[in-house]
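Each remark here refers to the structure printed beneath this line.
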2 protein chains.
Amino acid sequence: MKLSTRTRYGLRAILELAENVEKGPLQLRVIAQRQEISPKYLEQLITVLRSAGLVRSIRGAKGGYVLAKPPSKIRLDEVFNCLEGAVTTAECVDDGTACQRAPDCAARIIWTQVQQAVENVLKAVTLQDLIRKAKAGGSVNYQI
Amino acid sequence: MKLSTRTRYGLRAILELAENVEKGPLQLRVIAQRQEISPKYLEQLITVLRSAGLVRSIRGAKGGYVLAKPPSKIRLDEVFNCLEGAVTTAECVDDGTACQRAPDCAARIIWTQVQQAVENVLKAVTLQDLIRKAKAGGSVNYQI
DNA sequence: ATAAAATACTACTATTTCAGTAGGAATAAC
DNA sequence: GTTATTCCTACTGAAATAGTAGTATTTTAT
């Protein structure tokens, strides 16, 4: 289940933008340095975030990247979706016709539950939420 | 997030055993046929389930495979763990020393929440639970 | 204008993982 | 001892992952 570096780096990049939202555009090079990501690779990831409409770019000298929306309006499922793709554990969960067994498949039940559990978490949290929690003492985690 | 065929096929195979738990050993060939999985590939998967102690094999003619424990004693996290590996979204979630940023990393918070959500689902369900639900009308899903 | 600083775009590549396949050895039933 | 079955070792093609390389374009500052 390990997430790709694509997703992990991409989230860290957009969080970096969210944390510096009031300070004007942030250059790729700066994000890459702070997050210890190869600049050229990060460029790919940020392109994805840009085409998904989560990040806006400013070209030319003194340019860089900014969030396209305030951090409170960007939910984690949006970020996840464009980096990792949909939270689909198995085809049949979203598409009941993908397999004839689907209607009474025991496996499908658990994959559906897992998928919904993940979606629920991601949909309930925004970039702002995360930053606030991180500042408030970080990794402490309250079971829901 | 799509699960590997390894995990999806493997679960279907062990569910097949669980559904036929009282009928003596089930041959690889039969499981493969019923679940439409390549027998040779399934052999690999079932080997993994066997070395994890979830399945027992009976060699020779009239041999086959049986569950090593009753279906009510096999939790889904056990099955998942040996097929897909641990439900670890990112290194740092389980190992706080994997990254210096971990203590106040915003990203780590969400990956922890996702991981715990998945673990909670998998730990709460056994093979028997799944089979019962599937028989009771299958894919209907109640939000927890 | 021109140089410098930045993003945008296109293409390539090495490594690893995934999803199998192939063939024979060992074991047990009859 | 023949047949049915699991067990073991090894190989393989295709795709995904995680980058790298080089050039073009846009904007700012002088």
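Order of the sequence lines sets the chain letters (A, B, ...), proteins ahead of strands, with each chain counted from 1.
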* **Donor/acceptor link under 3.5 angstrom from A:Q44 side chain onto base of D:dT17** => no
* Any donor-acceptor N/O pair under 3.5 Å between D:dT25 base and A:R59 side chain -> yes
* Of B:E43 and A:K62, whose nearest nucleotide on DNA chain D comes first from the 5' end? -> B:E43
* Side-chain H-bond candidate by donor/acceptor type, B:Y9 with B:S38, under 3.5 Å -> no
* D:dT9 P sits how many Å from B:K40 NZ, rounded? -> 13 Å
* Specify the separation, in whole Å, of atom OH of B:Y65 and atom P of C:dA28. => 14 Å
* For D:dA18, does OP1 or OP2 lie under 4.0 Å from any side-chain N or O of A:R6? -> no
* Taking only side-chain nitrogens and oxygens of A:Y9, does any of them come within less than 4.0 Å of OP1 or OP2 of D:dG19? -> yes
* **5' precedence on DNA chain D between A:T5 and A:A61 (nearest-nucleotide basis)** => A:T5
* Asked: A:Q27 CD to D:dT28 P: how many Å, rounded?
  -> 13 Å
* To do: Using modelled atom types only, decide if a donor and an acceptor are shared between the side chain of A:R56 and the backbone of A:V66 within a distance under 3.5 Å.
  => no
* Would you mind reading off the distance between A:L45 atom CG and C:dT7 atom P, rounded to a whole angstrom? => 14 Å
* Asked: Does A:R50 come within less than 4.0 Å of A:E43, counting only side-chain N to carboxylate O?
  -> no
* Hey, does B:I46 reach any base, or is it just sugar-phosphate, or nothing, if we go heavy atoms under 4.0 Å? -> nothing
* A:R50 vs C:dT7: side-chain N/O to OP1/OP2 distance below 4.0 Å -> no
* To do: Ignoring hydrogens and angles, tell me if any N or O in the side chain of A:D129 forms a donor-acceptor pair with the backbone of A:T126 under 3.5 Å.
  => yes
* Just how far, in rounded Å, is P of D:dA4 from CD1 of B:I58? -> 18 Å
* Please determine if a side-chain N or O atom of A:S38 lies less than 4.0 Å away from the OP1 or OP2 oxygen of D:dA18. => no
* Asked: Within less than 4.0 Å of OP1 or OP2 of D:dC7, is there a side-chain N or O belonging to B:S57?
  -> yes
* Just how far, in rounded Å, is P of C:dG20 from CD of B:E36? -> 13 Å
* Expressed in angstrom and rounded to an integer, what is the separation of B:R29 atom CZ from D:dT5 atom P? -> 5 Å
* Salt bridge flag under 4.0 Å for residues B:E16 and B:R34 -> yes
* Could you state the atom-to-atom distance from NZ of B:K2 to P of D:dT17 in whole Å? => 12 Å
